[in-house]
K.L.:
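Attaching a single structure in C-alpha cells format; questions to follow.
Per chain, numbering begins at 1; letters A, B, ... match sequence-line order. Everything numeric here is computed off the predicted structure, so don't read it as measured data. Side-chain atoms are counted along with the backbone in the values below, which use heavy atoms only and exclude waters and symmetry mates.
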4 protein chains.
Amino acid sequence: MTDRRTSIGNSRNPETHAAILDAAHELLAEHGYAGVSMEAVARRAGAGKPTLYRWWPSKTALLIELYEREKTRALAEIPDLGSAQKELVALIKGVHRFWRKTPAGQAFRSIIAEAQADDAALRSLRDEFLPRGRATATVILDRAQARGEIAPDADRELLLDVLFGFSWYRLLTHRLRDDTGAVERLVAALLAAAKAGGSLAGD
Amino acid sequence: MTDRRTSIGNSRNPETHAAILDAAHELLAEHGYAGVSMEAVARRAGAGKPTLYRWWPSKTALLIELYEREKTRALAEIPDLGSAQKELVALIKGVHRFWRKTPAGQAFRSIIAEAQADDAALRSLRDEFLPRGRATATVILDRAQARGEIAPDADRELLLDVLFGFSWYRLLTHRLRDDTGAVERLVAALLAAAKAGGSLAGD
Amino acid sequence: MTDRRTSIGNSRNPETHAAILDAAHELLAEHGYAGVSMEAVARRAGAGKPTLYRWWPSKTALLIELYEREKTRALAEIPDLGSAQKELVALIKGVHRFWRKTPAGQAFRSIIAEAQADDAALRSLRDEFLPRGRATATVILDRAQARGEIAPDADRELLLDVLFGFSWYRLLTHRLRDDTGAVERLVAALLAAAKAGGSLAGD
Amino acid sequence: MTDRRTSIGNSRNPETHAAILDAAHELLAEHGYAGVSMEAVARRAGAGKPTLYRWWPSKTALLIELYEREKTRALAEIPDLGSAQKELVALIKGVHRFWRKTPAGQAFRSIIAEAQADDAALRSLRDEFLPRGRATATVILDRAQARGEIAPDADRELLLDVLFGFSWYRLLTHRLRDDTGAVERLVAALLAAAKAGGSLAGD
DNA sequence: GGATAACCGAGACGGTACGTCCGGTCTTTGG
DNA sequence: CCAAAGACCGGACGTACCGTCTCGGTTATCC
C-alpha cells in the first residue's frame, strides 16, 4: 500500500488520487468511521495532508467521492420489471445489500454523521448528493405513473422520503439485516395508498 | 427498625450537575453539535473535566441525559383522542415540534452522529434510548388494536420503524419544517394498510 | 494492608498514623519517588486524604517523618572509637548504607527534589531537618577537637558541607555503591587539612 | 558532484525553537521550577504542545537544552593561570556565579529534581550531561598533573566528586552566597592531599 | 450521662498538567 | 507551476493528582 510514489510535476497524479481513496476504503473497512481521519488516510496512502486538502475540501467530500466510486461499481440501474412493486423492492433491497456488503454503508453513515456537525456538509448532502441517489427512483416512479400504478397527484417526494427514511433508520441503528419481507410489505402499503390517490396524494 | 443505610462520602452536588447540563444546553443552542466539547462544557459550567467524566463516561451519555431532561419538560403523554390517526399524528408532530423548538433536536442529531463512530454508543442508543421513546407509541397502538383500528397480526415494529425513520430522515436533512399534511397522509396510509391486515401484517 | 480501621474518638489514631507511614514506605520501595502521591498513599493506607493533610501539611512533611522513623530504627549514634578518622568514616559509611538498604534513600532523594520546587520545603529542609542530621557529626567533631585532632579554629561547617555534599552527590546520581576506600581517603584529606589549622581553618 | 542530500518537507523553525527556550527561561526566572510546565511554556511561547514534544521528549530534555544554551553564553573555558589552585577556584566560583546570576541555577536544580523521579532522566544526567561539565575540570587537572601539582596516581574522579558535590550541596540548599574563602580553602585542602599522593591517591 | 468536639473513611469538587491525536495551514524542496 | 512531505498552531481528548470541602458516623472527654 505504501509503494513509493513520487511527484510527477505540475499535474494531478492519478495514482496518488486512487491511493488516497483506497486508503480511505481500507480504513473504513477495518476501523469504521472513527478510524478515518485525514491524518490516517494521508499516512496510509503515503501522501501529504495538503495533497488531500487540495482535492477534497473536507473529510465529507472525500467520503462522498469514495461512496460514489463504490456505487458505480456495485449498483446498477433498475430495469423495467413490469410492476412498480417489484422495481421499488429491487431498488431498496439493492441499496441495503450495497450498504451491507461493502464499506459503502460505513461511508454513508459517516457522511450523515459529518453533516450533523457541519452545515456546509449538510447542504451538500441534501442538495447535491441525495438527489443523485433519488434519480433512479424517479425513473421507476415515472414508469409507475405511466402504467397508472400510482395516481397522477401522488406525493412522490413523500413516498421517497418514507422509503429512504426507513432505510436510513435501519442503517443508522445497524439493523439492516432483520428483513423478513418488511420492504415488500412497506412498498405494497405505500403503493396502495399512492394508487388510491387519497391518503398519499398531494394536497 | 430504622433505615440502617449509611451513605458514606460526599454526595453528588445537584447544582454542579444542573450547571453542566445547562452549559451543554447553551453550547448546543449557540454553536450546534460541533461546539459541544467536554472541554467547553466544563469551562462554561465552571466545572472540572474529571467531574464530567465522573458522571458521564462520554459525550453521548451527557447528550442523552440532556435530551431526556428536555423531553420530560416538553413532551407530554398522548391522551386518548378517539382514533389512532389523531393520536399518532399528535405524537409525531409533537416530536417534530420538540426537535424544532428546543436544542433537543441538535442533541438528538448529535447522539445519532456519535453512535456512527462508536459501537457502544450505538448499542446504547438502539437498545436503551430508542425503546424508551417508542413506549408512548406502544400505548397508542395498544389502544388502536383494542378499538380494532389495526389488525391483531399487524407488524407494529415495522410501522414504528417507518414513522420514526421518516422523522429521522427529516431531522437529519434539516427538513423538519416543510410539513403540509405529510404526517397526516403518511399515518393514514400506514393505518389503512395495518387495518386491512394485508400488506402491513406480519408474515 | 487495608484492614478496616475506624475512628477511636477525638484523639489521633496511632494505627492510622502507622498505616499511612507504612503505605508511603511501601510505595517508595516499589515505585520510587514518582509512585508516592498523597492520593496513592491514602488509597493504600485505607485512609482519607484529609486525614493525611490533617497531620502533614505536604508530601515533604510526610516523607520527612518517614525518613526519621526509619533513621531511629536503623541509625545508631557513633560511639567513641578512638580517632576522628574512624568515627567520621563510620558515620558517613553508615549513612550511605542506610540510604542503600532501606527506602530511606528514596525518601531523602524525594525530600531534596521536593525542596527544589517549594521554598517552604527548602527552608524546612535546610533549617530544621539537616541540622538534626549534623548533630551526630558535631559530637564527633567535639571529641576530635578535645583530642587535638583538629585545630581549634577549623571551619567545621565547611568540613561537614564537604562530607555531606559528597554524600548527596553520590546519592543523587545513584552512585552510592562504587566505594573503594573513597570515604576513608576523603576523610583523611579533610582531617589533615583541619589539623594543620591552615587551609581548612576559618578566616 | 553536488551534495545529493535532499531533505523534503518543511524544516524546523528556529524562531519557534528560540521562543520556546525563551519562554522556559522567563518562567524559570519568574516562578521557579514549579512554574515550568510544558503547558505553560507552550502557552507563553505561543506554540502548540505537540511542537514541544516533537523536539524534547520530556521537560528534563528541554531544561537541559536551556541550561546548555545559557552555559555557552555565560561560561568560558578556564585559561592557564599558572596554578591548579587558581584555576580550580576560578572554575568553581565561575559555576557558582553562573548559577546565582542566571536562571541556569533554577534550571539545574530542576534537572536534578526531575532525575530523582525518572530513571531515564537520571541516566541521561549522569552519563551525558555531567561528563560534559567535567570536561573543563579535566583540562585543568591535566595541566596540574603536567606541572606536578598533583600526584600521578591521584584519584581525580574523587577530587571532582568532592568539588561538585560541595557545589551541588550549596546550590540545592540555596546557600550559594555565604562564601568567605570557603572554595579557596577547600581546593587548597584537596590539592594538598592530591599532591602528597597519600590520602587522595587511588587505591 | 448527655453534649461536644475531634477524629475517621469516603469521595465529590474546581483545578492544573500530562502526553497524544487530529484538523487545517504554511513552507520548503524538487519534478 | 504544482505535487509531496512534513512542521506548525490550536485545541480537544481522557487521566492523574492536587488540596479543600462536605458528608455520615464514632468515641473519648468535659460539663
K.L.:
For the pair made of OH in C/Y33 and P in F/dC17, what is the distance, rounded to whole Å?
P.N.:
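C/Y33 atom OH is separated from F/dC17 atom P by 13 Å.
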K.L.:
Under 4.0 Å between a side-chain N/O of A/T16 and OP1 or OP2 of F/dA4, yes or no?
P.N.:
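The answer is yes; a side-chain N or O of A/T16 sits under 4.0 Å from OP1 or OP2.
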K.L.:
Measure the distance from CG on A/L52 to P on E/dG23 and round it to the nearest whole Å.
P.N.:
10 Å
K.L.:
Do the side-chain N or O atoms of A/R43 get closer than 4.0 angstrom to the phosphate oxygens (OP1, OP2) of E/dC22?
P.N.:
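For A/R43, the contact criterion (side-chain N or O under 4.0 Å from OP1 or OP2 of E/dC22) is met.
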K.L.:
Could you tell me whether the side chain of B/L122 reaches within less than 4.5 Å of the side chain of A/L172, counting heavy atoms only?
P.N.:
no
K.L.:
At 4.0 Å (heavy atoms only), tell me whether D/W55 reaches a base, stays on the sugar-phosphate, or touches nothing.
P.N.:
sugar-phosphate
K.L.:
Which whole-number value in Å describes the distance from A/M38 CE to F/dA4 P?
P.N.:
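Atom CE in A/M38 sits about 14 Å away from atom P in F/dA4.
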K.L.:
Measure the distance from CG on D/N13 to P on E/dT28 and round it to the nearest whole Å.
P.N.:
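That distance rounds to 9 Å.
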K.L.:
Hey, does D/L63 have a side-chain heavy atom less than 4.5 Å from the side chain of D/Y67?
P.N.:
no
K.L.:
Could you check C/E39 against A/R54 and say which one's nearest nucleotide on DNA chain F is further toward the 5' end?
P.N.:
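Upstream on the strand: A/R54.
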K.L.:
Quick check: on DNA chain E, is the nucleotide nearest A/Y53 upstream (toward 5') of the one nearest D/V36, or the reverse? Name the residue that is more 5'.
P.N.:
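Checking each residue's closest nucleotide, the 5'-ward one belongs to D/V36.
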K.L.:
What's the NZ-P distance between D/K49 and E/dT20, to the nearest Å?
P.N.:
10 Å
K.L.:
Between B/P50 and A/G48, which is nearer to the 5' end of DNA chain F once each is assigned its nearest nucleotide?
P.N.:
A/G48
K.L.:
What integer distance in Å separates B/R44:CZ from E/dG14:P?
P.N.:
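From B/R44 CZ to E/dG14 P: 16 Å.
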K.L.:
Using heavy atoms to find the nearest nucleotide of DNA chain E for D/S37 and B/T51 separately, return the residue whose nucleotide is more 5′.
P.N.:
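Its nearest nucleotide lies further toward 5', so the answer is B/T51.
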K.L.:
What integer distance in Å separates A/D118:CG from E/dG24:C1'?
P.N.:
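Computing the A/D118:CG to E/dG24:C1' distance gives 13 Å.
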K.L.:
Is the D/W55-D/H17 ring centre distance short of 6.0 angstrom?
P.N.:
no
K.L.:
Within the distance-only criterion (no hydrogens, no angle test), does the side chain of D/R44 pair as donor or acceptor with the backbone N or O of D/A23 below 3.5 angstrom?
P.N.:
no
K.L.:
E/dA17 P sits how many Å from D/K59 NZ, rounded?
P.N.:
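Those two atoms, NZ and P, are 9 Å apart.
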K.L.:
Between D/F108 and D/E70, is there a side-chain heavy-atom distance shorter than 4.5 Å?
P.N.:
no
